[in-house]
Amino acid sequence: MTKKLLLIDGNSLAFRAFYAMYQQLDRMVTPEGLHTNALVAFNNFLETIILPMQPDLALVAWDARSGKETFRGDLYAEYKSGRDKTPVEFKEQFLYLREMVEAHGLHNYEQIGLEADDIIGTLSRQGEAAGYDVFIITGDQDLTQLATDHVTVKITKKGVTQIEEYTPAHIQEKFGLTPEQIIDKKALTGDTSDNYPGVTKVGEKTALKLLTEYHDLDNLYAHVDEMKKSKMKENLIADKDVAYRAQKLATIITDADLEIGLTDLTYDGPKTKGLVELFETLHFKQALNKLKAHQLVDQDDTSVEAAEAESSNFHPVRELDDAAVATLATVDSFALQIDTTSDNYHTADLIAFAIGNDKVGYFASRDFSWFENDQLKALIENPAKKVRLFNAKEHWVLLHRLGLKLAGVDFDFMLVAYLLDTVGNDNVLATLASRFGAYLPEDEEVYGKGAKFAVPTDDQLLYNHLGHKAEVIDTLRDQAFADLEEHQQSHLYHDIELPLSFVLAKMEAQGFMVNEDRLSKMGQELDEKIAQLKDQIYQIAGEEFNINSTKQLGELLFEKMNLPVIKKTKTGYSTAVEVLEQLAPQAPIVSHILEYRQLAKIKSTYVDGLLAVVSPVDQKIHTRFLQTLTQTGRLSSVDPNLQNIPMRTEEGRKIRHAFVPSQPDYLIFGADYSQIELRVLAAITGDPNMKKAFMDDDDIHAETARAVFGLGPDEEVDANHRRTAKAVNFGIVYGISDFGLSKNLGISRKDAKEFIETYFREFPKIHDWMEQIKEQAHRDGFVETIEHRRRYLPEINSKNFNRRSFAERTAMNSPIQGSAADIIKIAMIKVNQAIEEQNLKAKMLVQVHDELVFECPQEELEQVRELVTSVMDSAVSLSVPLKVEDHSGPTWYEAK
DNA sequence: ACCCTCACG
DNA sequence: ACGTACGTGAGGGTG
């Protein structure tokens, strides 16, 4: 096989790398403040392009850093002038780029007086003469002039990992020119980016025409006099010197005097130690994990080819049969993957499943009647058989639908990946696996998406996909658990999130009974009111229009009626509630619009929306709680969202009348934490004044008002003072700013600032904690809850004020919101356990951040009340008491 | 697909 | 000078 020489244009590719990841600039910063976007992209490039090529010789050429004077500068003073200054964020990465090149086992080279092009040009000719196949990688089209039958020029398109290959044949096909003619084309046209001119008025098209006719520059000028009289001819003659100067500038040197030769370029693979050190310096966690996954860390000599093969070659996947089941029955641990036709696993159709482990191999089948097989069933239901999977809650529900009770789960990759890092988590196995250096196709690639969704008819194709998923899950377990341990998150995973996922699975499967008749009746009444309002609005407006269209509404209010524009949005006038409320006194139509909006929302989102998702099978609503979505550790709820059922207005709150117990003589029971976030704040800051208020069970907002407004203990707190104090307390929890508070309270920024200052004087430890947590965030790049739930803040050191400020507010808010989430999660696990142990009929139905909703038989009510409230208020031990309030009644309306 | 608006904690 | 309160999901309009 012909030996390979690889020549890389370092400057051009690094430049591309920087701009390919430019939008990530602020996200990719080490805690020390070094930008790494170009480094990340350059590393990707080296890994995906260089390693598979396995060259014998390799070099990365750089433009000389010092001594700008090349012969080109002498030839034309303006050469490459007028370029934008290189950004400092890019410059600071230069040094590490060279280190990265070395760690990957390639050589760096630069030489004063030469550009990278010339080094590449010279070595490419030397290599060719010595019988090598030469490959040049660059982002610069000029280098295509170097292409020959043995020299291929690869040019990166879009980013740095997609490549177009230029052979002489391809150049001919694409440009209609030979590589040599590329130079003469530039002689005629000049180069705007290098800032030198060619012949006046000659561009791409003309140059191509001329070269087709005359072949090259010398021949053209030899025959220029024979040309017909034209402006172009005059220009060619007048600019002859310019053209020849441009030709020299465009010609890459192929016979430079270099201080190195081919023998200095031997490539013998990446240097693992160097890579580990570099990746650690640069905080390249993914790249480090990938290295570890390839098991290259401690064995410097392991061949890269072997490691590559290991990561990309999966075990063969075989169709499940009796023999396989018999073998599986003997294993202690296995991976399981079930694929479905949609996200909503309550209703989705089952596609196929895979099961297996590293030792016995992986098996798949479309036939779900296998789950009636006693041996397979035992495997799933035996808690001693440890299961590894991706999304335990989903699998619990799917197996529950098949009549099985999933037990023994030890590794839920989706949960672990979420706990390790919530940022950029899309809950897709393929992307999360890639964080650990394991690669497999996404579902979309196998099934298609949207209207094109289709299950492959080819069994092997389908089985491979499922089997490979199972294998990736199986093999990533140890690394993922090691990372958890390193983050001190093993307890959070094993004792909170994993058990919680089964509590949630039960809640979802249980469902919340809905009285459809009641909902439909409300819908009819709403329709009548909405129709009336519509008529009134049209009448006042003097025309019909779509009230739901903010565009049309804006035109009516602000153009036809000339009402004052209070706020604008990106796309036009704002018609949000706070705007309309200000306009209402001036125009009677506005209050009608407000009422219309309110009712239309209730009708469309809640009446119609909920009716559409009531199961025809059991008349219940089965939401899905997303356990791995929020950045703070809260749950979210979808299809439908049961965490935003109306409460604040009476009209909306009536919707809750439709949420009823699933059996006669049952009640709905709700218990909620009172002021949990402020209590958490008092506990983690240890502020004595706030702690005292809670220990005395005072009205916290009134006490805050007393402190901020300097009222005596016997003085009365008026409603306005309390309202202000309440807003300040909210603001504190959100990571306060004077701007935000002033906007919320409608006061001046100066007054808001004073409130905040007074507040911090009265609650000094809260102030200290806020400062300390921001400092910690800047230092570590993340903040934590009481249970070590982590939130990374990639923008905490951003140069952009807004992004940085947002990250700082988040640093203050997330530990509070997240710790409150930790607490209710622990309470849910304990409540569920107690209900099971005491054989109660009560069922947990919904969690709404600080509230749990149950249904239970009337006669259990007192027992459940006692149990739930006591478990909730003792869920964790804080230096501040937790307080729980409860309500019950025939529907959710009364239970809050 | 994105924006705006609005429902909840 | 900058220009936002923290965390979510869903529906309707628009391009």
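Just so you know, these numbers use all the heavy atoms, side chains as well, and skip hydrogens, waters and symmetry mates. In what follows, every chain begins at residue 1, and chains take the letters A, B, ... in the order their sequences are listed.
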Checklist outcome for this item: A:L557 CG to B:dT5 P, in whole Å, measures 12 Å
Checklist entry - In whole Å, what is the span from the CZ atom of A:F625 to the P atom of B:dG9? => result 14 Å
Next on the checklist: For A:R722 and A:D699: C-alpha separation, side-chain torsions, deciding distance, then whether salt bridge (charged side-chain N to carboxylate O under 4.0 Å, His left out) applies.
Outcome noted: CA-CA 10 Å; A:R722 189 178 181 282; A:D699 172 346; 2.9 Å; yes
Next on the checklist: Within the 4.0 Å heavy-atom criterion, would you say A:Q552 contacts the bases, only the backbone, or no part of the nucleic acid?
Outcome noted: sugar-phosphate
Next on the checklist: Categorize A:E677 for me: base, sugar-phosphate, or nothing, with a 4.0 angstrom heavy-atom threshold over every strand shown.
Outcome noted: nothing
Checklist entry - Between A:F558 and A:Y573, how do the two ring planes meet: parallel, tilted or perpendicular, split at 30° and 60°? => result tilted
Please tabulate the protein-to-nucleotide N/O contacts below 3.5 Å involving nucleotides 1-4 of chain B, giving atom names and distances.
| from | atom 1 | to | atom 2 | distance (Å) |
| --- | --- | --- | --- | --- |
| B:dC4 | OP1 | A:T569 | OG1 | 3.1 |
| B:dC4 | OP1 | A:K570 | N | 3.0 |
| B:dC4 | OP1 | A:T571 | N | 3.3 |
| B:dC4 | OP1 | A:T571 | OG1 | 3.1 |

Checklist entry - Whole-Å distance between B:dC6 P and A:I593 CD1? => result 11 Å
Item to check | Atom pair distance, as rounded to whole Å: CZ in A:F730 and P in B:dC8 | outcome: 13 Å
Next on the checklist: Under 4.0 Å, heavy atoms only, any strand: does A:N546 hit a base, just the sugar-phosphate, or nothing?
Outcome noted: sugar-phosphate
Item to check | Integer-rounded Å distance: B:dG9 P and A:L678 CG | outcome: 15 Å
Checklist entry - So what does A:F806 hit on the nucleic acid, given a heavy-atom distance under 4.0 Å: a base, only sugar-phosphate, or nothing? => result sugar-phosphate
Checklist entry - Cation-pi between A:R653 and A:Y893: NZ/CZ under 6.0 Å from ring centre and within 45° of the ring axis? => result yes
Next on the checklist: Please determine whether a side-chain nitrogen or oxygen atom of A:R648 lies at a distance below 4.0 Å from atom OP1 or OP2 of B:dG9.
Outcome noted: yes
Checklist entry - When all nucleic acid strands are considered with a 4.0 Å heavy-atom cut-off, which category describes A:D639: base, sugar-phosphate, or nothing? => result sugar-phosphate
Checklist entry - Using 4.0 Å as the upper bound for N to carboxylate O, is an ion pair formed by A:R791 and A:E784? => result no
Item to check | Side chains of A:S805 and A:E808, donor plus acceptor under 3.5 Å | outcome: no
Checklist entry - Using 4.0 Å as the upper bound for N to carboxylate O, is an ion pair formed by A:R634 and A:E677? => result yes
Next on the checklist: Please determine whether a side-chain nitrogen of the Lys or Arg among A:D608 and A:K603 lies less than 4.0 Å from a carboxylate oxygen of the Asp or Glu.
Outcome noted: yes
Next on the checklist: Under 4.0 Å, heavy atoms only, any strand: does A:I816 hit a base, just the sugar-phosphate, or nothing?
Outcome noted: nothing
Next on the checklist: Heavy atoms only, 4.0 Å cut-off, all strands: where does A:I645 land among base, sugar-phosphate and nothing?
Outcome noted: sugar-phosphate
Checklist outcome for this item: In DNA chain C, consecutive runs of at least three Watson-Crick or G-U pairs below 3.5 Å, as range with range, amount to B:1-9 with C:6-14
Checklist entry - Below 4.0 angstrom, N of the basic side chain to O of the carboxylate: do A:E543 and A:K560 qualify? => result yes
Item to check | Sidechain-backbone polar pair: A:S798 side chain, A:R804 backbone, donor-acceptor under 3.5 Å | outcome: no
Checklist entry - So A:F659 and A:W892, would you call those rings parallel, tilted or perpendicular, with 30° and 60° as cut-offs? => result perpendicular
Checklist entry - How is A:A811 classified with respect to the nucleic acid when contacts are heavy atoms under 4.0 Å: base, sugar-phosphate, or nothing? => result nothing
Item to check | For atom CG of A:N644 and atom C1' of B:dT5, their distance in whole Å | outcome: 13 Å
Checklist entry - How would you label the contact of A:R804 with the nucleic acid (heavy atoms, under 4.0 Å): base, sugar-phosphate, or nothing? => result nothing
Checklist outcome for this item: Contacted region of DNA chain C by chain A, from 5' end to 3' end of the hits, cut-off under 4.0 Å to heavy atoms, spans C:dC2 to C:dG15
Next on the checklist: In this structure, how many angstroms lie between the P atom of B:dT5 and the NZ atom of A:K601, rounded?
Outcome noted: 12 Å
Checklist entry - For the pair made of CG in A:L610 and P in B:dC8, what is the distance, rounded to whole Å? => result 13 Å
Next on the checklist: Tell me if the aromatic rings of A:F755 and A:F709 count as close, with their centers under 6.0 Å from one another.
Outcome noted: yes
Checklist entry - When rounded to the nearest 0.5 angstrom, what is the spacing between CD in A:E508 and NE2 in A:H622? => result 10.0 Å
Checklist entry - Is a side-chain donor-acceptor pair under 3.5 Å present for A:E528 with A:Q524? => result no
